[in-house]
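Read the structure below first, then the notes.
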Amino acid sequence: MSSLASSWATMMNLCGSPACCGQGVLRQVFDGSTCTNHLVETGIVAPLALTLLLQFLVRLPESRASSARRRLLRPSSPLHLATVLFNGCLGLFHLVLGLWMLLGSNFSSQDASRTYLPHWWLVTLSQGFSLVLAGFAFAAGTQFLGPAFARLWSVSLTVYAAFVCCSSAVTIIAEKAVTVKACLDLLSLPGAVMFLIYSMQSSHDEEGHEDEGLYKPLKTDDTADSQEVAADSSESTHQKVTPFARAGILSQMTFWWLNPLMKTGYQKPLDDKDMPLLGAADRAQSQYSMFLEKLNKNKNKQTSHDATPPSILWAIVSQHKCGIMVSGLFALLKVLTLSTGPLLLRAFINLSTGKVTSDSKHEGYMLAALMFICKLCESLSQRQWYFRTRRLGLQVRSLLSAAIYRKQQKLSSSAKMAHSSGQIMNYLTVDAYRVGEFPYWFHQTWTTVVQLCIALVILYSAVGAAMVSSLVVVVITVLCNAPLAKLQHRFQSKLMEATDARLKAMSESLVHMKVLKLYAWEGHFKKAIEELREVEYRWLSAFQLSRAYNSVLFWSSPVWVSAVTFLTCYFLEIPLDASNVFTFIATLRLVQDPIRAIPEVLGVVVQAKVAFTRIEKFLGAPELNGRAKEKCSSVAISYPVAMNSCGFSWCEDPLKPNLKDISLVVKAGEKVAICGEVGSGKSTLLAAMLGEVPRTQGTVI
């Protein structure tokens, strides 16, 4: 016992910190501010990082010699991507914090003379290195590291993260203060749990794939040739598919997969054959199939008493919820990194003007490096946000176009009267495009509010109570925009109706051009189309003028915000120096961008709402009745076509039949001529055989 006590005394003497003196052994182990706790954490995390590094180096040559190199750094699921990105960013923050501690900087403005002892930056750097290494190693997937090793390592990391989290919680409760190191330690537990869930889920999926592989047929002489031909065709198709389908995490983040196409375009003009095919997940057939699956699932969940059709909107949202959440994460990261600019600028000005003193001569360099890292993260997150939402919009547009095309083939006669060919073309070219553009602007609706709130908080820290005047100007601007938004919605609806009427008239004129030429009706129809175009032009002018009013209102609001804020500072006698003035000017950009984007966001939301309402109404139109005709085998009946006392009506009204008392028998191989004058119902009879005319009585076989 005496030797144990002397060893602890020696350790405390090496630390020399008063926080480690006068405490018991158990308290020192679980107190996150003591050197004992840091040595225990370092002793656990260092072997974990070493074993992961050795496993990675051992498995790397094997992956190069196998087909697994194609899957290296390729995300297998949204959980995989989120796990790698979250823990990788957490490790980078640990490394930055550890380097700052190593260079003698501090995070606490209350105690400027504080310097961190070696055990602080040692444990922080070791945690950061292990998390960055784990993110890079797990980016290759659990199959690369080995399912058993991935599960065991994830469990060990979770236990270690739970210990670190508990130690940080004890420190926060004891010192009644929250530090950056404590926050990062608390976030390490969710990151470790994500590693554990991903490794368990991936191991389960790989075991299922291995079981399926047991049922592959043996390669015999009969199947060898066919398998080789299939392999050659699949390999050629695989080479033509876009590299984005096989791109890994690093390639997706840096857009490295675009380099082959850009290189080809630099060497020669691009042709159609140079453009790669879309990936399987981005094709219209796959998107439409998944959309139908979600729609049918929602339909099956409805009760028998609920007669309302399933929501098309929620089917699309449930189909793309993972993509929406991932792009939203990048949007939030962009807003947060953008908001750190004024804070770092304020800290840099305070340091340069001597308002805040520091014992470290490297703090200015660290602030400049931190600003560079924040701008780098802002650029990467913004690019990913825009790219992923654009891709999501193209997927939504493709599935809506396929759904409109399929619906057009099954429209009933009454629905065809309500939706002409010109309107259907308008649904495809205009409405589907506007709905596809909406995902790009969707995250702007809530990030604008978040960015405004953060900017107002920074303004309050810079100019104090004068921020209230800025808030009043912003609220007045938004309230003045409310009636204009309602007018935009009304003008957009009228504009789409006028466009449908013009397209309908133009399509009918082009279809019956021979008749127009024969009777010399060109002038009359030209005048009618010009009148329709004039109506459309009036509604278009009204809509664009309302957007112009919005733009003038919101583009002038930042000037009013700055003028009113500085005027309030003058009347309240709030001192203005280089620190708060430059902070206010930098924060004004955070206010300007969302306020100036509000008119465009509102315009896109209004257009998308009107377009989606029109498409949803079209997709809910009545379809052809399958009971209009019956199919029988050639054995059961001796005649291919048979009608018995049938009545048909385009308007589905038995009192207004277009054909009645029709009896017809067509024998096999018989030639039948249907004669009659114009308007007697010859085409209606042929359509009735195909089941396109509603049957009011009789039977059709």
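Please read these numbers as outputs of a predicted model, since none were measured by experiment.
- Contact record, Gln252 with Gln384: O-NE2, 2.6 Å, taken as the closest heavy-atom pair.
- A side-chain hydrogen bond (donor to acceptor under 3.5 Å, both in side chains) with Tyr427 is found for exactly one of Arg614, Gln408, His419, namely His419.
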Legend entry - Evaluation steps, salt bridge (charged side-chain N to carboxylate O under 4.0 Å, His left out), between Glu437 and Arg390: CA-CA 7 Å; Glu437 287 291 305; Arg390 288 294 188 186; 2.7 Å; yes
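- The aromatic rings of Trp446 and His443 sit perpendicular to each other, their planes meeting at more than 60°, with 30° as the lower class boundary.
- Paired with Thr499 under the rule side-chain contact (heavy atoms from CB on, under 4.5 Å), one option of Glu536, Lys494, Arg533 passes, and it is Glu536.
- Inter-residue side-chain proximity for Val435 and Phe612 is flagged as met; some heavy-atom pair is nearer than 4.5 Å.
- Residues Gln287 and Ser398 bring no donor and acceptor atom of their side chains to less than 3.5 Å of each other.
- No donor-acceptor pair under 3.5 Å is formed between the side chain of Lys294 and the backbone N or O of Gln319.
- By the neighbour-count criterion of 12 heavy atoms within 6.0 Å, atom OH of Tyr549 is sparsely surrounded, having that number or fewer from other residues, nucleotides or ligands.
- Phe255 CZ: more than 12 foreign heavy atoms inside a 6.0 Å radius.
- Contact record, Gly279 with Ala245: CA-CB, 4.3 Å, taken as the closest heavy-atom pair.
- Panel note: side chain Lys682, backbone Gly676; a donor-acceptor pair is recorded below 3.5 Å.
- With sequence neighbours excluded, no residue forms a side chain to side chain donor-acceptor pair (under 3.5 Å) with Gln423.
- The aromatic rings of Trp539 and Phe491 are tilted relative to each other, their planes meeting at an angle between 30° and 60°.
- The six-membered or imidazole ring of Phe387 lies near that of Phe244, with a centre-to-centre distance under 6.0 Å.
- Few gaps surround CD on Glu522; more than 12 heavy atoms of other groups in view lie less than 6.0 Å from it.
- Around the CE atom of Met513, the shell of radius 6.0 Å holds more than 12 heavy atoms that belong to other residues, nucleotides or ligands.
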